[in-house]
**Student:** 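One structure, as structure tokens, below. Some questions next.
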Amino acid sequence: MKRVFSVLIVILLILLFPLTAYAEETDKNEEEIYQEMTEGFKEGIDSDVSQELEKYDIDVSDPQTLKELETSDIFSKIISALSANVGHAVKILVKVIALIVLCSIVKNCVPENNSVSGVFSFVSVITVLSVIMNTLQDCIDLSLNALNGMNTFMTCYIPVFTSVVVTSGNVTSGNSYYVVMFSICEIVTLIANTFILPVLSIVLSLSVVGALNSDFPFHKTAEGLKKVVQWILGGAMTVVVAVLSIRSIIGTSVDNVATRSAKYVVSTFVPVVGGAVSEAFLTVKGSMGVIRSGIGSLGIIIILFIIITPVASIVVIRLSIKVCEMIAEMFDEKPICVLMSSVSSMLSICLSTVICVSVMFILSTALLLMIK
């Protein structure tokens with residue numbers, strides 16, 4: 001009885017002397033909130049990418065400027081990046097074709113078993129390698145810079161985007177995105193620092209040995225490594241997208257139930273103003289959804305601007321290398337053909353790595369943007 005009586009007295013005092021609570025008022029609109037949040041990942045944007053964004057009048061702090069970017073602008077950026085490397089690719093193509101023709105002339109003028117033919121074949125492979133070596137190094141550097149640039153940006157971007165997603169009501173999906181994306185960033189850092197440069201250098205060395213001496217079929221190493229890398233990247237991208245999709249779908253259902261429960265509790269148990277508070281809650285959630293769309297779209301655009309230049313460069317150079325391989329095969333210059341095939345496989349590895357990582361970042365962000 002004493003306990004019951006004490007509880008009744010406490011309830012009576014609460015009813016007689018209720019506590020008054022007020023929500024904090026703010027004059028900030030969505031654009032001001034957006035500007036404050038974008039400050040968190042501005043440091044992760046490379047200066048070259050920032051200049052490219054300014055060319056298209058895109059202001060990171062203003063979501064309205066994204067509406068000015070059209071699909072034609074993206075295509076024009078891709079075309080300009082491709083055309084910027086055509087001249088260099090044509091120079092390589094002309095030099096290598098000249099060496100192939102010269103080798104074919106010497107091969108037809110010298111007896112087949114003559115030692116001069118073997119020496120000239122050796123010299124021709126070394127000369128072709130010297131012509132394309134600097135370009136290969138540039139392509140590898142572009143791949144590393146693209147991976148590091150995406151990793152730096154996503155490291156700054158993920159916490160900001162996750163906070164917006166969580167604030168807009170998708171707690172489970174936001175936490176899943178945070179964990180998975182940071183894990184990918186760590187893996188990308190590991191790949192960029194310990195895999196790309198040393199492994200490709202070893203493969204190039206083995207390919208040169210295989211081109212110089214047909215008794216050592218090391219040139220098949222590059223093709224085998226390309227297939228292994230493509231299988232690994234394809235499997236990793238499938239797993240990441242599948243995990244994020246499943247967890248986002250399940251998480252969305254859980255978060256929707258929690259949101260509706262919170263709205264019901266507030267509207268039912270908060271006296272007088274419960275309905276207004278619940279509607280204000282939904283209004284805030286909708287506003288954060290708008291901010292989420294702006295930040296997510298900006299992240300996707302920045303990733304595209306990071307990879308367009310290196311991908312375009314590697315594509316143009318690889319195309320010229322494939323043409324050289326075809327011409328060497330037509331003139332029956334097997335050493336040069338083997339070398340070109342191995343170099344093409346190396347460039348394919350660089351290209352596949354950059355594209356796969358960027359696609360994983362873009363799809364993961366787009367997936368959360370589609371969550372209602």
**Student:** Do the side chains of Leu347 and Leu136 get nearer than 4.5 Å, heavy atoms only?
**Tutor:** yes
**Student:** Report the residues that fulfil side chain to side chain donor-acceptor pair (under 3.5 Å) with Asp141, sequence neighbours left out, ordered by chain and then residue number.
**Tutor:** Gln137
**Student:** List the atom of Ser320, the atom of Leu93, and the distance in Å for their closest heavy-atom pair.
**Tutor:** O-CD1, 3.7 Å
**Student:** Going by side chain to side chain donor-acceptor pair (under 3.5 Å), name the residues that satisfy it together with Thr353, two or more places apart in sequence or in a different chain.
**Tutor:** none
**Student:** Using the test side chain to side chain donor-acceptor pair (under 3.5 Å), find all partners of Glu52 that sit at least two apart in sequence or belong to another chain.
**Tutor:** Lys55, Lys77
**Student:** Quick one: hydrophobic cluster around Leu319, which other residues, with the 4.5 Å side-chain cut-off, linked directly or via members?
**Tutor:** none
**Student:** Just jot down the side chain to side chain donor-acceptor pair (under 3.5 Å) partners of Lys91, sequence neighbours excluded, or say none.
**Tutor:** none
**Student:** What verdict does the side chain to side chain contact (heavy atoms under 4.5 Å, CB included) test give for Leu304 and Ile362, after you've listed the backbone C-alpha separation in whole Å, the side-chain angles of each residue and the deciding distance to 0.1 Å?
**Tutor:** CA-CA 9 Å; Leu304 287 176; Ile362 291 173; 3.9 Å; yes
**Student:** If I compare all heavy atoms of Val316 with all of Asn85, which pair ends up nearest, and what's the gap?
**Tutor:** CG1-O, 3.6 Å
**Student:** Side-chain contact test, heavy atoms from C-beta onward, threshold under 4.5 Å: evaluate it for Leu99 versus Ser124 and give yes or no.
**Tutor:** no
**Student:** Compare every heavy atom of Met154 with every heavy atom of Pro159, then report the nearest pair and how far apart it is.
**Tutor:** CD-O, 4.4 Å
**Student:** Tell me, which pairs form a ring-ring contact (aromatic ring centres under 6.0 Å, His included) where one or both residues lie in residues 298-341, sequence neighbours left out?
**Tutor:** Tyr56-Phe305
